[in-house]
Undergrad: 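Before I ask anything, here is the structure I am working with.
Heavy atoms only: backbone and side chains are in, while hydrogens, waters and symmetry mates are out. So you know, we letter chains A, B, ... as the sequences are listed, proteins then strands, and number each from 1.
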Number of protein chains: 2
Amino acid sequence: MCRFCLNHWLPAIAANRKNLAVKKGQALFNEGDEVKGIYFVYSGVIKVHKRWGREKELILRFARTGDVVGQLGLGDDAVYPISATAIEAAVVCFIPMDFFESTLNVNVSFTRQLLTMLANQLQESEKRMRNLAHMPVKGRVAQALLNLKNQFGITTGGYLAVDISRQDLAAFTGAAYESLFRVINELVEDKLIGILGKYISIQNEDALTKLSEQADG
Amino acid sequence: MCRFCLNHWLPAIAANRKNLAVKKGQALFNEGDEVKGIYFVYSGVIKVHKRWGREKELILRFARTGDVVGQLGLGDDAVYPISATAIEAAVVCFIPMDFFESTLNVNVSFTRQLLTMLANQLQESEKRMRNLAHMPVKGRVAQALLNLKNQFGITTGGYLAVDISRQDLAAFTGAAYESLFRVINELVEDKLIGILGKYISIQNEDALTKLSEQADG
DNA sequence: CGTATCTTTGAGTCATGTCAAAAACGGTGG
DNA sequence: CCACCGTTTTTGACATGACTCAAAGATACG
């Protein structure tokens, strides 16, 4: 999907890249910041999020090794519409926008891959939009957990291989902290998931999938 | 934004285009259909929407003269994740996907424009996502009305220049029909908008903008 | 140990969706 | 011009999911 940067892209930009170490909790940029460039994630996990007022946020997606952050800078606006913050210590590679842009003009297949990536992200985004509008919290949590499993995989113990706080999980499902909490409990009671401290395991993926797919039940 | 198809694109595809007349209410395609190609809208209005269960839908965006529909077919999935339906009689130009794809490979600047378009749409989508998660219905309605104004403009009488049903307006807002209805009434009482039959005029754009931007009040 | 942060629980409130029915509207055909 | 029917609008009453607030346990941490 976006791992292309590793094979395709990085060799060409060797001369122009700047590697940055990012601490957990540190921001790459915030919504409203001027667009300076685009980021490739070498290691760690970055959350891409958007705030509402002072206290609320929605996590739009996560970027991990091989993913891109800041691609929205490609739009017409010279300002990031979203924020990017590390939730695990990360190393990212920064490419100034002007260089990135000029490369797009000569590398057709790379541009084409970006296009596919954006189309995929738009699909995902619109799906989640529909879910936020119509799906109850329980289904959204199920969906969120499955997404995390798909993106990060599971440990040998069967737990989601991400170190994500409940706060962030709530922000990712688009629900209040306490709501998420109660739903997690229900899911545990129904044996769809298991918890060990802050870690979550998927016990019954089929049932979760069903929850995340269909109706109001 | 997307009017580029008129200047940029249409000459080149003259040989491969197929014009289709679409009646009001008729679908271009439905979610789940195999991706066959991409559509350019010559005239009329197409709603791009996504269903939830049997009865509910969310309208993702509208496409009018010069806009593209079906660009999500560029993603990895060979199946449309969304539906496209005319809400006003329309004429669209159909381009088979294989031809479209092959053209992308030789026309860099066009691909680049598509990229920008998708980035813009992703921004918009993520903004709406955030709003669905955190903004109350009233603010979302305000936002929806402003969007319609931006996209379709207003008549000399000051009314939104789209012929959109309340049903669709509700689906665009992501709210129940009756909820939309009550909010519209409030907005009329507060003199932010006016209504004449099914048509809506913007009376106080500043106040609407304020509503659509900020907090829970 | 004392302070801070995060988790857990309970209770209350409110916005929004649901359901049902009346009213208004718009056409159609006699 | 009017009676009829289907659709859309309008209203009211109601149910409830989800958010908020607040406080009590836990857990971490210096």
Undergrad: Which atom pairs, one a donor and one an acceptor, fall under 3.5 Å between side chains of residues 191-206 of chain A and the rest of the protein, sequence neighbours left out?
TA:
unit_1	atom_1	unit_2	atom_2	d
Lys198(A)	NZ	Asp163(A)	OD1	2.7
Ser201(A)	OG	Gly194(A)	N	3.4
Ser201(A)	OG	Gly194(A)	O	3.4
Ser201(A)	OG	Gln203(A)	NE2	3.1
Asn204(A)	OD1	Asp206(A)	N	3.4
Asn204(A)	OD1	Ala207(A)	N	3.0
Glu205(A)	OE1	Lys149(A)	NZ	2.4

Undergrad: Between P on dT8(D) and CG on Asp168(B), what's the gap in Å once rounded to a whole number?
TA: 11 Å
Undergrad: Would you mind reading off the bend of the helix from dC1(C)-dG30(D) to dG30(C)-dC1(D) from its two end axes, five pairs each, to 10 degrees?
TA: 30°
Undergrad: For the pair made of NZ in Lys198(A) and P in dT7(C), what is the distance, rounded to whole Å?
TA: 8 Å
Undergrad: Donor-acceptor pairs under 3.5 angstrom involving side-chain atoms of residues 139-146 of chain B: please list them, not counting sequence neighbours.
TA:
unit_1	atom_1	unit_2	atom_2	d
Arg140(B)	NE	Thr173(B)	O	3.1
Arg140(B)	NH1	Met135(B)	O	2.9
Arg140(B)	NH2	Gly174(B)	O	2.7
Gln143(B)	OE1	Asn131(B)	ND2	3.3

Undergrad: Quickly work out the Tyr199(A) OH to dC6(C) P distance and round it to whole Å.
TA: 15 Å
Undergrad: Expressed in angstrom and rounded to an integer, what is the separation of Arg140(A) atom CZ from dA18(D) atom C1'?
TA: 9 Å
Undergrad: Which whole-number value in Å describes the distance from Leu132(B) CG to dT16(C) P?
TA: 12 Å
Undergrad: Going by an N to O cut-off under 4.0 Å, is there a salt bridge joining Glu57(B) and Lys50(B)?
TA: no
Undergrad: Atom CD of Gln167(A) and atom P of dC19(D): how far apart are they, to the nearest Å?
TA: 13 Å
Undergrad: Not counting sequence neighbours, which residues clear side-chain contact (heavy atoms from CB on, under 4.5 Å) with Ala89(A)? List them please.
TA: none
Undergrad: Going by the rule side-chain contact (heavy atoms from CB on, under 4.5 Å), which residues pair with Ala21(B) if we only count those two or more places apart in sequence or in a different chain?
TA: none
Undergrad: I need a per-nucleotide contact map over nucleotides 8-14 of chain C, read 5' to 3'. Cutoff is protein heavy atoms under 4.0 Å; write B for the base, S for backbone only, - otherwise.
TA: BBBB---
Undergrad: Rounded to the nearest angstrom, tell me the gap between atom NE2 in His134(B) and atom C1' in dT16(C).
TA: 17 Å
Undergrad: In chain order, what residues pass the side-chain contact (heavy atoms from CB on, under 4.5 Å) check against Thr85(B), with sequence neighbours excluded?
TA: Ala27(B), Lys47(B), His49(B)
Undergrad: Do the ring centers of Phe62(B) and Phe172(B) come within less than 6.0 Å of each other?
TA: yes
Undergrad: What is the distance, rounded to the nearest whole Å, between atom CG of Leu180(B) and atom C1' of dT10(D)?
TA: 13 Å
Undergrad: Sequence neighbours excluded, which residues qualify as side-chain hydrogen bond (donor to acceptor under 3.5 Å, both in side chains) partners of Gln71(A)?
TA: Gln121(A)
Undergrad: Restricting to side-chain contact (heavy atoms from CB on, under 4.5 Å), what partner residues turn up for Ala84(A), sequence neighbours left out?
TA: Leu28(A), Phe29(A), Ile46(A), Val69(A)
